[in-house]
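Following: one structure in structure tokens, then a few remarks.
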Amino acid sequence: MATAVPAERDAVARAFPEPGEEVRLPGAVLFRTTAGAGPSDTTAGAGPSDTTAGAAPRRTAAVIDLLAAGVGPARAAAATGAALTAAALAGTPYDLVVSAGIGGGFAPGAPLGSLVVADAITVADLGAETADGFLPVTELGFGTVTHRPPESLVRAVAEATGARTGSVLTVSTVTGTAARAATLRVRHPRALAEGMEGFGVAEAADAQGVPVLEVRAISNPVGPRDRAAWRIGDALAALTAAFGKFAPALESWKSV
């Protein structure tokens with residue numbers, strides 16, 4: 001699970017009470033924890049059942065690596081790619097990559113404190129300005145601008161957490177005016193939130209064929225910057241609460 005900053009990583013970590021450890025890799029530092037094991041556990045990524053004679057089936061705990069990847073799509077892609085490559089070379093590739101953190105919400109669809117799960121992870125400012133307006137990079141004949149998480153996974157997480165689903169935009173410059181917010185809404189009418197890392201994380205995951213998901217807890221409205229209206233603490237608490245319900249949702253998805 002990749003966040004931008006340590007405060008977001010720690011908010012996610014609080015949802016997993018098992019003790020963790022720091023794992024240092026070239027280009028990345030992970031905090032490794034687990035989603036507990038037990039007779040009734042069905043956590044995503046669990047290993048084979050441990051069936052001892054006369055005992056209830058027991059699953060191995062899911063290993064969860066938390067990464068504070070850095071701010072912005074480029075840094076997020078580089079750090080996520082480093083972690084993915086290290087895991088693949090070790091023979092323990094990841095089943096899923098999650099971009100998680102707080103972000104701006106487009107009113108009225110994503111109010112402060114709400115949770116958004118992306119059904120589309122879209123980069124909003126990769127392309128070219130022309131006399132006729134903005135052209136996404138795909139219309140220039142290059143690359144991609146959207147990654148789509150597995151529909152069944154989006155549905156399972158949204159049902160488990162009560163999250164809204166819609167497009168989450170990745171921007172390199174955070175929106176700070178009403179005019180810019182309005183422009184983004186016209187270009188992306190399904191957008192519910194914006195962040196700065198999701199597309200970078202998704203690009204790294206896509207390069208190695210790993211499914212990706214993005215989860216954002218809303219800390220501020222997209223538009224004019226009003227720090228007095230930000231609710232960062234509430235958004236971090238919402239992130240912790242959401243990931244506390246995450247493991248059963250992942251198991252539900254993996255069992256489909």
Side-chain angles (χ1 to χ4, degrees), residues 1-3 8 11-12 15-16 35-36 40-46 59 61-66 76 80 84 93-124 144-170 185 188-195 197-206 208-219 222 235-256:
M1 296 182 186
T3 69
E8 294 168 318
V12 175
F16 305 105
S40 61
D41 255 354
T42 55
T43 52
R59 287 188 179 271
V63 175
I64 298 170
D65 285 345
L66 305 177
T80 302
L84 286 166
Y94 291 105
D95 297 319
L96 174 69
V97 176
V98 180
S99 176
I102 62 176
F106 287 94
L112 299 186
S114 65
L115 194 73
V116 174
V117 176
D119 59 15
I121 302 169
T122 297
V123 61
T144 186
V145 294
T146 295
H147 292 283
R148 298 191 181 277
E151 291 182 11
S152 58
L153 175 59
V154 171
R155 185 168 54 251
V157 172
E159 290 176 353
T161 61
R164 294 157 168 82
T165 60
S167 298
V168 175
L169 306 183
T170 297
R185 288 303 300 266
H188 308 280
R190 294 190 64 258
L192 288 183
E194 75 169 20
E197 294 78 34
F199 187 79
V201 172
E203 286 277 81
D206 181 70
Q208 300 203 31
V210 181
V212 67
L213 184 71
E214 183 171 9
V215 179
R216 291 281 167 182
I218 303 304
S219 60
V222 175
L236 291 173
L239 206 59
T240 302
F243 279 89
K245 305 170 184 174
F246 212 74
L250 291 182
E251 180 63 22
S252 172
W253 166 62
K254 288 175 69 69
S255 65
V256 170

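For this chain, numbers begin at 1 and follow the sequence in order.
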task: Please step through side-chain contact (heavy atoms from CB on, under 4.5 Å) for the pair I121 and L169, ending with a clear verdict.
output: CA-CA 6 Å; I121 302 169; L169 306 183; over 6 Å; no

task: Could you tell me which non-hydrogen atom of I218 sits nearest to which non-hydrogen atom of A193, and how far apart they are?
output: CD1-CB, 3.8 Å

field: Separation between CG of L250 and CG of D95, rounded to the nearest 0.5 Å
entry: 9.5 Å

message: Could you report the tightest heavy-atom contact between A11 and L239, atom names first, then the distance?
response: CB-CD2, 4.3 Å

message: My understanding is that only residues two or more places apart in sequence, or in another chain, count here; which of them pass ring pair (Phe, Tyr, Trp, His ring centres under 6.0 Å) with F243?
response: F246

query: What salt bridge (charged side-chain N to carboxylate O under 4.0 Å, His left out) pairs are there with at least one residue in residues 107-120, not counting sequence neighbours?
result: D119-R190

field: Set of side-chain contact (heavy atoms from CB on, under 4.5 Å) partners for A204, sequence neighbours left out
entry: T80, L84

field: side-chain contact (heavy atoms from CB on, under 4.5 Å) evaluation trace for V201 with V212
entry: CA-CA 8 Å; V201 172; V212 67; 4.3 Å; yes

- request: Indicate the atoms forming the closest heavy-atom contact of G198 with S99, along with that distance.
  value: CA-OG, 3.5 Å

Could you list the donor-acceptor pairs under 3.5 angstrom formed by side chains in residues 154-165, with sequence neighbours left out?
residue	atom	partner	partner atom	Å
T161	OG1	V157	O	2.7
T161	OG1	A163	N	3.4
R164	NE	G109	O	2.9

query: Just by distance, do the side chain of E8 and the backbone of I102 share a donor-acceptor pair under 3.5 Å?
result: yes

- prompt: Any sub-3.5 Å donor-acceptor pair from T170's side-chain atoms to F199's backbone N or O?
  reply: yes

message: Would T122 and H188 count as a side-chain contact (heavy atoms from CB on, under 4.5 Å) here? Give the steps.
response: CA-CA 9 Å; T122 297; H188 308 280; 3.8 Å; yes

statement: For L213 and P149 the tightest heavy-atom approach is CD1-CB, 4.0 Å

task: Sorted by first residue and then second, give each salt bridge (charged side-chain N to carboxylate O under 4.0 Å, His left out) pair with at least one member in residues 197-206; sequence neighbours left out.
output: E197-R216

- request: Answer yes or no: is there a donor N or O on one side and an acceptor on the other, between the side chain of T3 and the main chain of G101, under 3.5 Å?
  value: no

task: With sequence neighbours excluded, tell me which residues meet side-chain contact (heavy atoms from CB on, under 4.5 Å) with R148.
output: A120, T146

message: Quick check: closest heavy atoms across A15 and T240, and the distance to 0.1 Å?
response: CB-O, 3.4 Å

- request: Measure the OG-CD distance between S167 and E214 for me, rounded to the nearest 0.5 Å.
  value: 10.5 Å

Full working for side-chain contact (heavy atoms from CB on, under 4.5 Å) between V116 and L192: CA-CA 7 Å; V116 174; L192 288 183; 4.0 Å; yes

